[in-house]
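Below: one structure, written as structure tokens.
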Amino acid sequence: MADVSQCRVGICGLGTVASATYNLLTRHAALIQSRSGTEVTVVHVGCRRDHPDCVLSNVRVSRDIFEVVRDPEVDVVLELIGGTDPALDLVREALGNGKHVVTANKALIAEFGGELFDLANANNVSIRYEAAVAGGIPIIKAIREGLAGNEISRVAGIINGTTNFILTEMEGMGNRGFEEVLAEAQSLGYAEADPTFDVEGIDAAHKLTILSTIAFGVPLEFEAMYTEGISQITVADIRFADELGYKIKHLGITAKDTQGVELRVHPTLVPKTSLIAQVGGVMNAVMVTSDAAGETMYYGAGAGGDATGSSVISDVVDLARDHVGIPGPGYLADAVNAVQIRPLEQIESPFYLRLTARDKPGVMASLTSILSSHNISIESLLQRDAKADEVPVVMITNRVKESAMNAALLEITSQSNVAGEITRIRVL
Ligand code: NAP
């Protein structure tokens, strides 16, 4: 980027995020110039077809996206195609050609970020990915810059709008189950035709991998993540949780202490009165616990072209500022330290348990005795009237290790006075 009078941008892909980003760059050109200290111009767009909401003018258009990363006129490449194939090769080539890269692609960063950061450093360029986590919420900048003076102990968030929409709708008065609400989410465009990535927690796991690296300076550890989705959550669990004073949210949680780092994505009971419990519909929110600032929460749209484009452009502005010699904080490969990822069995939390007991004398006594033999106590209990000799029993336990809970549940399952599966949901 020798010419500092402008920062020349190439865009790969022209879908929802790319077209919104192009339109924002055009609409806010003067604002962006005043904030970055240089003119930011889109010079090349690589797309297989036009986008109906985007009128490209004074821009070279190539149908082969690789033309963009090979264009000597391009200083910054925006990778906005998604997935890892061919995005990985595209980004490798862009970095190798000495171009900065901005991406919204969480899968690419979570799974291949380590390699790409090294490649960026080796080529003296940057790769930035604010838009990859929580769409329009500038959470990466908030952690990396706003909380730079803090030791962070935990980051917990609702980082997938689809699962939050489904759980919020299931909470409603209609008693609609997971499958019914999922179908509605699909018809509204909030869920993909194949919803697996969202509802089974993989999308949230990608985002949490990135957040953990930013918060704790540890390598990207996507493979080490414990991931559980929401497809097993029932309306009954949502109602029981409500009676006990909780909502069920799908959370990504990463925490660090002297024993290592926790990395987990799963349904979680959160107190109804907590701020994060108020986050409904497709919205996202991330709570950060740190020693000086205390608990802070960042709320906003986790998806959508404009919101995500806003984050893409914040990275472009940073790079443009670098370009004219106003440096912002960058990624430092040597600031990343290997760390022990704590196995789930060692992690402690209170648990919500729901089981069906046969209505015989002494059932509760034997349940309590098994739990207490594993040092588990019952903090709250709901017991309903017996139906056909079976009684639903719902409880919240004290904070215990996952391994103790596993052992207790194994023992309880083998009891003749317990029928069917036992539901367990961790409590925040
Ligand atoms: P999208 O609407 O599906 O657009 C993808 C674009 O990439 C399309 O122009 C598509 O071209 C092009 N493309 C895909 N594969 C290609 C290939 N092999 N060769 C050439 N072009 C290819 O996707 P999006 O929603 O904008 O998402 C883009 C990125 O932003 C993804 O990484 C996504 O995870 C991330 N993101 C999206 C949102 C959101 O709200 N949408 C939020 C946060 C992050 P065709 O139209 O020809 O297929």
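For ligands, and for the atoms within them, numbers begin at 1 and follow the listed sequence.
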Among pairs that include at least one residue of residues 165-207, which meet ring-ring contact (aromatic ring centres under 6.0 Å, His included), considering only residues two or more places apart or in two chains? Phe165-Tyr190, Phe197-His206, His206-Phe222
Go through it in stages, so that I can follow the logic: the residues are Phe117 and Phe112, the test is ring-ring contact (aromatic ring centres under 6.0 Å, His included), and I'd like the CA-CA distance, side-chain angles, deciding distance and then a yes or no. CA-CA 9 Å; Phe117 299 152; Phe112 300 99; over 10 Å; no
Quick check on Asp64: does its CG atom have over 12 non-hydrogen neighbours (other residues, nucleotides or ligands) under 6.0 Å away? yes
Those residues that, when tested against Asn150, pass side-chain hydrogen bond (donor to acceptor under 3.5 Å, both in side chains) (two or more places apart): Ser290
Which parts of the protein, at residue level, reach under 4.0 Å of ligand 1 through a heavy atom? Gly13, Leu14, Gly15, Thr16, Val17, Arg48, Arg49, Ile65, Leu80, Ile81, Gly82, Pro86, Ala104, Asn105, Lys106, Ala131, Ala303, Gly304, Thr308
Ignoring hydrogens and geometry beyond distance, is a side-chain donor-acceptor pair present between Thr289 and Glu295 at under 3.5 Å? yes
For Thr268, which residues count as a side-chain hydrogen bond (donor to acceptor under 3.5 Å, both in side chains) partner, sequence neighbours excluded? His266
